[in-house]
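These notes are about the structure you will find just below.
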Amino acid sequence: MSTQRVFVARLAGCAVFDPAGDRIGKVRDVVVVYRSTASPRVIGLVCEIPGRRQVFLSIGRVSSISTGQVITSGLMNVRRFKPRNGEVRIMAELVGRRVDFADASGTAVIEDVAIEPNRLGEWSVGQLFLRKPKTSASPFAKGPTTFAVWSEVREHSAPGEAQSAEQLVATYSEMHPADLANTLLDLPQQRRIEVAEELPDERLADALEEMPEDDQMDILDRLGDERAADILDQMEPDDAADLLAQLPQGRLEHLLDLMEPEEAEDVRMLLRYSPDTAGGLMTPEPIILSADATVAEALALIRRHELHPALAAAVFVTLPPFETPTGRLLGMVHFQRMLRYPPHERLGAIVDDTLEPVPVTASAAEVARMLASYDLVSLPVVDQAHRLVGAISVDDVLDYLLPDDWRSHDADEQTVPRRGTAG
């Protein structure tokens with residue numbers, strides 16, 4: 001086995017390969033257990049395999065660990081990882097913890113942890129990368145850093161008690177929202193809330209949109225009403241409406257009152273419709289332009305980075321006003337069609353008025369049939385006066401039609417032997 005010392009923050013995200021050289025996943029964390037007279041012993045890795053399932057890879061089945069890759073020497077247990085009593089994940093629970101120096105010289109926070117093997121090939125915690133309290137009053141200053149071995153520090157609080165989540169949040173900065181949601185749900189409940197408190201509003205909103213509603217409500221309840229309202233402001237209106245619809249009427253109105261008026265107005269409008277209809281599933285913020293707008297103007301709006309990909313597939317052309325509910329819907333222009341025309345071309349000249357919009361009362365199944373029949377990713381939703389009130393995309397319909405536990409892969413799991421710490 002490799003004898004290289006490896007820092008876990010650099011190891012997280014590295015690819016895991018089988019003996020044939022095929023990539024089978026990536027590292028998410030390292031699992032250790034405490035020992036009374038020595039540094040914590042590494043018992044395995046938490047790895048993410050296809051399907052975004054996090055599984056346990058016993059250290060006994062690892063032939064090489066480096067900052068670039070991990071190579072296994074045997075089969076991987078594909079049962080979803082669930083930590084047991086006494087097991088501690090370095091990134092999720094140890095990084096960010098406050099420690100005291102054994103020589104009484106002060107305190108520090110763990111920012112990274114190195115693991116290394118002994119001459120028998122057993123891996124354990126080696127050096128700790130620590131940051132001491134800052135000595136400058138400047139808000140941009142950071143404290144000095146130092147290295148220490150496990151025996152030179154004492155935990156500031158009881159083993160297993162989480163501390164600052166700032167460093168952990170930094171490691172999640174590049175995660176896709178769906179991956180971030182799964183990672184948060186795999187954390188211990190208290191640690192999950194600590195990380196949620198540190199995440200920026202927009203980032204947490206993106207992750208919440210990928211979670212089951214029960215988990216969404218649990219996190220929002222623990223963050224407090226004012227922060228919850230800030231998060232709801234950042235969520236897509238249809239996702240925010242779905243979440244608020246699960247709350248008692250009194251709390252629903254209280255949170256709406258705390259939200260930004262413009263965002264709250266969109267959510268209130270969606271709450272008027274049944275959740276299993278096009279009106280309840282749509283977003284009220286599609287791209288809307290006049291017939292006199294040019295292809296160049298439409299493409300400029302589509303390029304906005306915050307726009308959902310499904311909504312960027314087409315623009316809707318209406319009579320004024322151009323905010324929902326608009327004037328009469330004239331039709332839609334698909335992104336691909338716009339690419340075939342010069343930038344100065346007017347949308348009114350290329351608008352597709354043959355596609356029938358769906359009424360706000362249409363069922364989710366009816367919308368799904370129309371999307372499938374015409375190979376579309378979005379459809380306009382209109383009221384009885386043929387005014388555009390929103391757009392419904394294929395992901396909105398899928399979220400509704402799939403079973404409540406579609407995010408869980410537990411049903412796919414194979415029956416495998418109980419994991420151990422050796423091959």
Side-chain angles (χ1 to χ4, degrees), residues 8-10 12-13 26-29 46 48 52-54 89-97 109 111-112 139-140 142 162-244 246 255 258-260 262-264 266-267 283 285 303-312 393 395-396 399 407-408:
V8 176
R10 297 180 182 178
K26 55 186 174 183
V27 178
R28 282 301 184 202
D29 216 327
V46 179
E48 183 179 294
R52 297 201 297 267
R53 184 190 303 166
Q54 292 195 358
R89 284 166 288 177
I90 288 179
M91 292 303 301
E93 300 173 83
L94 195 56
V95 169
R97 184 170 298 172
V109 172
E111 288 204 348
D112 204 351
F140 304 105
K142 290 187 175 182
Q163 297 289 339
S164 169
E166 182 179 355
Q167 189 71 14
L168 185 57
V169 167
T171 68
Y172 294 164
S173 60
E174 301 299 323
M175 276 190 178
H176 185 278
D179 295 335
L180 176 58
N182 285 332
T183 300
L184 287 176
L185 294 179
D186 284 332
L187 294 175
Q189 188 178 59
Q190 183 58 35
R191 186 61 159 168
R192 183 188 312 160
I193 302 305
E194 291 170 348
V195 173
E197 289 174 342
E198 291 285 343
L199 283 169
D201 291 348
E202 183 178 358
R203 191 86 171 109
L204 180 55
D206 289 341
L208 288 178
E209 289 174 356
E210 303 294 333
M211 293 183 185
E213 288 172 353
D214 288 346
D215 295 303
Q216 290 177 332
M217 288 191 289
D218 179 65
I219 290 176
L220 288 187
D221 284 343
R222 293 170 179 271
L223 293 179
D225 287 351
E226 291 192 4
R227 178 80 195 283
D230 291 339
I231 302 302
L232 290 166
D233 282 334
Q234 297 295 327
M235 294 177 70
E236 292 294 327
D238 51 331
D239 290 309
D242 290 341
L243 175 54
L244 286 170
Q246 309 301 313
L255 287 175
L258 291 174
M259 291 175 64
E260 293 294 329
E262 185 176 346
E263 303 296 336
D266 288 338
V267 174
T283 175
E285 299 176 338
R303 291 190 186 100
R304 291 181 301 170
H305 75 278
E306 70 273 13
L307 191 66
H308 192 285
L311 294 179
S393 58
D395 63 305
D396 296 325
D399 279 346
R407 291 178 175 85
S408 171

So, do Leu180 and Asp206 sit near enough that their side-chain heavy atoms are less than 4.5 Å apart? no

Which atom pair, heavy atoms only, marks the closest approach of Ala310 to Asp395? CB-OD1, 4.0 Å

I'd like to check Leu232 versus Leu258 (side-chain heavy atoms, cut-off strictly below 4.5 Å). Are they in contact? no

Got a second to check how far Asp179's CG is from Arg28's CZ, nearest 0.5 Å? 5.5 Å

In Å, rounded to the nearest 0.5 Å, how long is the span from CE of Met211 to CG of Leu204? 7.0 Å

What are the two closest non-hydrogen atoms of Ile219 and Ala196, and how far apart are they? CG2-CB, 4.1 Å

Test salt bridge (charged side-chain N to carboxylate O under 4.0 Å, His left out) applied to Asp230 - qualifying residues, sequence neighbours left out: none

Exercise: identify the closest heavy-atom pair between Leu187 and Ala92: CD2-CB, 3.2 Å

Between Asp233 (side chain only) and Glu260 (backbone N and O only), is there a donor and an acceptor less than 3.5 Å apart? yes

Donor-acceptor check, side chain of Asp239 to backbone of Glu209, threshold 3.5 angstrom: yes or no? no

Determine whether a donor-acceptor pair (N or O, by modelled atom type, separation under 3.5 Å) exists between the side chain of Gln234 and the backbone of Arg203. no

Measuring from atom CZ of Arg222 to atom CG of Asp218, what distance do you get when rounded to the nearest 0.5 angstrom? 5.0 Å

How far does CG of Leu184 sit from CD of Glu210, to the nearest 0.5 angstrom? 11.5 Å

Report yes if some heavy atom in the side chain of Glu285 is under 4.5 Å from a heavy atom in the side chain of Asp266; otherwise report no. yes

Set out, in order, the CA-CA distance, both residues' side-chain angles and the distance that settles side-chain contact (heavy atoms from CB on, under 4.5 Å) for Met217 and Asp214, then state yes or no. CA-CA 5 Å; Met217 288 191 289; Asp214 288 346; 3.8 Å; yes

Sidechain-backbone polar pair: Gln216 side chain, Leu208 backbone, donor-acceptor under 3.5 Å: yes

Is there a side-chain contact between Arg97 and Val109 in this structure, where contact means two heavy atoms from C-beta onward sitting under 4.5 Å apart? no

Between CG of Leu243 and CD of Gln246, what distance do you get to the nearest 0.5 Å? 7.5 Å

So, do Leu199 and Val195 sit near enough that their side-chain heavy atoms are less than 4.5 Å apart? yes

Asp225 (side chain) donor-acceptor with Leu255 (main chain) under 3.5 angstrom: no

Locate the shortest heavy-atom distance separating Met235 from Ala205; write the atom from each residue and the value. CG-CB, 3.7 Å

Quick one: does Arg89's side chain have a donor or acceptor within less than 3.5 Å of a partner on Asp29's backbone? no

Just by modelled atom types, is the Thr283 backbone N or O under 3.5 Å from a matching donor or acceptor in the Asp238 side chain? no

Any residue meeting salt bridge (charged side-chain N to carboxylate O under 4.0 Å, His left out) with Asp201, in chain and number order, not counting sequence neighbours: Arg227

Checking side chain to side chain contact (heavy atoms under 4.5 Å, CB included) between Gln54 and each of Thr183, Asn182, Leu185, which is the one that passes? Thr183

